[in-house]
Amino acid sequence: MLKTSTEQGNFSRTFTRRGFLTAGLKAGAAAFTTALLPRFHADAAGQYNVLFIMVDDLRPMLGCYGHSEMHTPNIDRLAQRGTLFNRTYCQAPLCNASRTSILTGLRPDTTKVFFNATEFRQTLPNAVTLPQHFKASGYHTQSVGKIGHSAATQDDAYSWSVPSWLPPWIPFNPLHIPVWQSLDVEDNDLSDGRTAEKAIAVLAEIQHTQFFLAVGFEKPHLPLYVPRKYYDLYTHQDFSLPVTTTLPNDAPEIANNKLDGLRAYLDIPDEGPISDEKTLELIRAYAASTSYMDAQVGRVIQQLDILGLSQKTVIVFVGDHGFHLGEHGTWRKNTLFEVALRSPMIISVPEQQPNETDALTELVDIYPTLCEACQIPVPSQLEGLSLMPIIETPSRPWKTATFSQLKRGRTNGMSIRTTQYRYTEWGNKGIKGKELYDYLTDPDETVNIANLPENAELVIHLSERLHAGWQEALPDIQEPKTSPWDINDDGVVNIQDLVLVANDFGAEVPVHAKTDVNQDGSVDILDLVLVAAHFGESTHKSAPQSSIGFLSRHVDDIEKWVIEARLVDDGSAIFRKGISKLEELMNVVVPQKTVLLPNYPNPFNPETWIPYDLAQDTNVNIDIYNLKGEIIRKLVIGFQVAGTYRTQSRAAYWDGRNAAGEQVASGIYLYTLQAGKFNSTRRMLILK
């Protein structure tokens, strides 16, 4: 979108580091430090890093998309080692709405974000963003350059491990400047060059951690100001005027964005058409800005190669929506025409076969795709579909349609794109206009054929599909997936998987190949914690329940695993989640008999926890004696339900003080558990 002085106010950098950390703590998402990141996780099989590159206002006008006039060698090389998606569509042709959809994996009807001023945390406060999900899975997440549209989204404390970074903003008034300029400056004198420089530095800092790094470039967003050397790559003769410079015949007026934003600039007339000469100037300036951005993308990917991270990193390159360059007599975005909705997208997964696909895909698919590529759970609420099957088999049958929408004031515009057609309705059931374009006979959308009598049946059919929604356009067959944490491949991560990992501890040749989860050459507690962190996750509906086969005899094993895990706990989110899951498992079993267990730590100073198992619901009291038989402290626990009380959060706590509040002396003490008719005594040692 056009960053006028009013709109750019959303990027005010008043959100300080202290504010970021405070908000993060309130959200329960404290920032990581590099020392706490789980290095063991970084080497796990298939657990790739992510380099997520998002570009503002970029249409698929790139060499790899068949535009031989374009100088985009770096993006073209990326396409040669990944999958080039020829038919990817945004869910909304406006910056904030589209980026919100990408980051949340949800469509505008769900996020309620249709305009640039709306904050998704206001409309959908509990949304789990793409970086937030990776952060919760143990990744260091960081943002460099423009990723969110506003400061609130850019600095969303749920999403990022550290505050985001933006290049310094220099305010401007478009009324006082032309829309393009060829400048005698170096790359790093402008915003995207500084963004690339920062991304290069960040990669060097986080190279030994598991990371999700988002890098946002602004060009070719207006104004089109870039170093002169990129303008010198082109002449006006390299480009042609658009096929059509007016709205399609019989198209409703509401389809036009009325040159929104472009007329604000000094060299653009306030009314009337844009001249052919000015159109060619702007196309050349757009191309030069794209080449400038391409050079910065190349610098970042080169750093990835230099650091040896390319074979460990999934790279996504994507534009947030398309862009008009005079087509239909309009400019920029915010229309439901093909050129505003089609986005470039390249995804490169280590060791994949380079390819391209004509499958219908959507930007909302990025979130689940990255989850599957990095083998972390795909949240069930997402409204996209992982593209990994397409990356593996580009020609396989896929979605039968994509869906996009926007609002003109209070009027909804909804559009469906099939292999052959685009059908659009404005207002309820198209009361304010309908559009239909056949790309086999009219690839440039010159004539709206929705109102032709011979197309009445087709319009009814496409309208039904539009209102049936995206779920009805999904592929009929989806192959069941296996999970790296589902050791026995029964479709669910459960106690059997934990036992299989434990049984292979220290084995030179593991019985089960998948038990070495992090592929570090040995099976140990790290592998078990990784499996535990994903306990209960299922890969298909027919999978058995995670509780099947979970017996009280497993509690002792789990307790040993918790103790061992605590000894090597590195403080990372994934580790804490694994330990928490193990402790939860201990708490769900009803033991066969009531037992008083050894206190921990023992000897202790100055406090200890007293664990026990209850076979039935009962009142619980613990008396603490000295060797003379004198009761020095009574711990009145009260009524408790049957279960295990072994973890620190559930065991009885004694602070080492007597009834008078005084610290007791070193020595041997006794403690007795009274639970209904059960009575048992053990010894404990205090050393000071």
Side-chain angles (χ1 to χ4, degrees), residues 495 498-499 502 505 524-525 528-529 532 550-569 576 578-659 662-688:
I495 189 65
L498 293 173
V499 171
F505 277 2
D524 51 29
I525 192 64
L528 189 135
V529 171
F550 188 69
L551 305 174
S552 59
R553 63 181 173 85
H554 291 127
V555 173
D556 290 336
D557 292 330
I558 295 172
E559 185 176 27
K560 294 176 184 177
W561 299 336
V562 170
I563 293 171
E564 188 174 351
R566 284 200 185 112
L567 293 175
V568 294
D569 182 6
R576 292 293 170 85
I579 292 176
S580 176
K581 285 284 188 180
L582 290 173
E583 291 181 340
E584 287 176 15
L585 293 178
M586 291 175 60
N587 298 335
V588 300
V589 171
V590 176
Q592 295 177 345
K593 59 182 180 179
T594 299
V595 177
L596 177 62
L597 299 164
N599 67 302
Y600 61 91
N602 187 14
F604 72 92
N605 177 20
E607 57 188 13
T608 190
W609 286 264
I610 300 173
Y612 51 92
D613 292 344
L614 295 179
Q616 59 187 9
D617 301 354
T618 186
N619 283 305
V620 174
N621 295 288
I622 295 176
D623 294 336
I624 300 171
Y625 302 81
N626 59 26
L627 288 179
K628 296 178 182 180
E630 299 169 336
I631 296 178
I632 62 172
R633 185 72 178 270
K634 283 182 173 289
L635 303 178
V636 180
I637 309 301
F639 181 82
Q640 290 192 307
V641 298
T644 60
Y645 293 84
R646 302 190 185 190
T647 61
Q648 186 167 309
S649 62
R650 287 167 61 91
Y653 169 72
W654 182 37
D655 60 5
R657 298 178 183 272
N658 60 24
E662 302 164 336
Q663 288 285 353
V664 300
S666 297
I668 296 174
Y669 294 81
L670 304 173
Y671 59 100
T672 298
L673 173 69
Q674 299 168 0
K677 296 181 180 180
F678 179 84
N679 192 296
S680 180
T681 302
R682 299 188 71 104
R683 296 176 55 172
M684 68 171 70
L685 177 62
I686 297 178
L687 290 180
K688 293 191 174 181

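The chain is numbered in sequence order, starting from 1.
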Rounded at 0.5 Å granularity, tell me how far NZ in K634 sits from CD1 in I622. 11.5 Å
Atom CZ of residue position R657 - does it have more than 12 heavy atoms of other residues, nucleotides or ligands inside 6.0 Å? yes
Which distance, rounded to the nearest 0.5 Å, do you find between the CG of N658 and the CG of N626? 10.5 Å
Within the 4.5 Å heavy-atom criterion, are L673 and F678 side-chain neighbours or not? yes
pair R633-D655: side-chain heavy atoms closer than 4.5 Å: yes
Is any side-chain heavy atom of Y625 closer than 4.5 Å to a side-chain heavy atom of I632? no
Looking only at non-hydrogen atoms, find the nearest pair between A675 and T618 and report the distance. C-OG1, 3.6 Å
Treating D556 as the side-chain partner and I558 as the backbone partner, does any N or O pair qualify as donor plus acceptor under 3.5 Å? no
I579 versus A565, closest heavy-atom pair with distance: CG1-CB, 3.8 Å
Can you give me the closest heavy-atom contact between P598 and R682, atom names plus distance? CG-NH2, 3.3 Å
Are side-chain heavy atoms of L687 and N605 found at a separation under 4.5 Å? no
Could you tell me the separation between the OH atom of Y600 and the CD atom of E559, rounded to the nearest 0.5 Å? 8.0 Å
From CG (L635) to CD (Q674), nearest 0.5 Å: 11.0 Å
Between L614 and V641, is a side chain to side chain contact (heavy atoms under 4.5 Å, CB included) present by the stated rule, with each step listed? CA-CA 8 Å; L614 295 179; V641 298; over 6 Å; no
A642 backbone acceptor or donor facing D617 side chain under 3.5 Å: yes
Measure centre to centre between the rings of W654 and Y671, then say whether the value is under 6.0 Å. no
Show, in sequence, the C-alpha distance, side-chain angles and deciding distance for N602 and T608, and conclude whether the side chain to side chain contact (heavy atoms under 4.5 Å, CB included) test is met. CA-CA 8 Å; N602 187 14; T608 190; 5.8 Å; no
Pairwise side-chain contact, V562 with E583, heavy-atom cut-off 4.5 Å (strictly under): yes
Per the side-chain contact (heavy atoms from CB on, under 4.5 Å) rule, which among L596, L670, D623 passes with T681? L670
Return the minimal non-hydrogen interatomic distance between A651 and I610, and the atom names on each side. CB-O, 3.5 Å
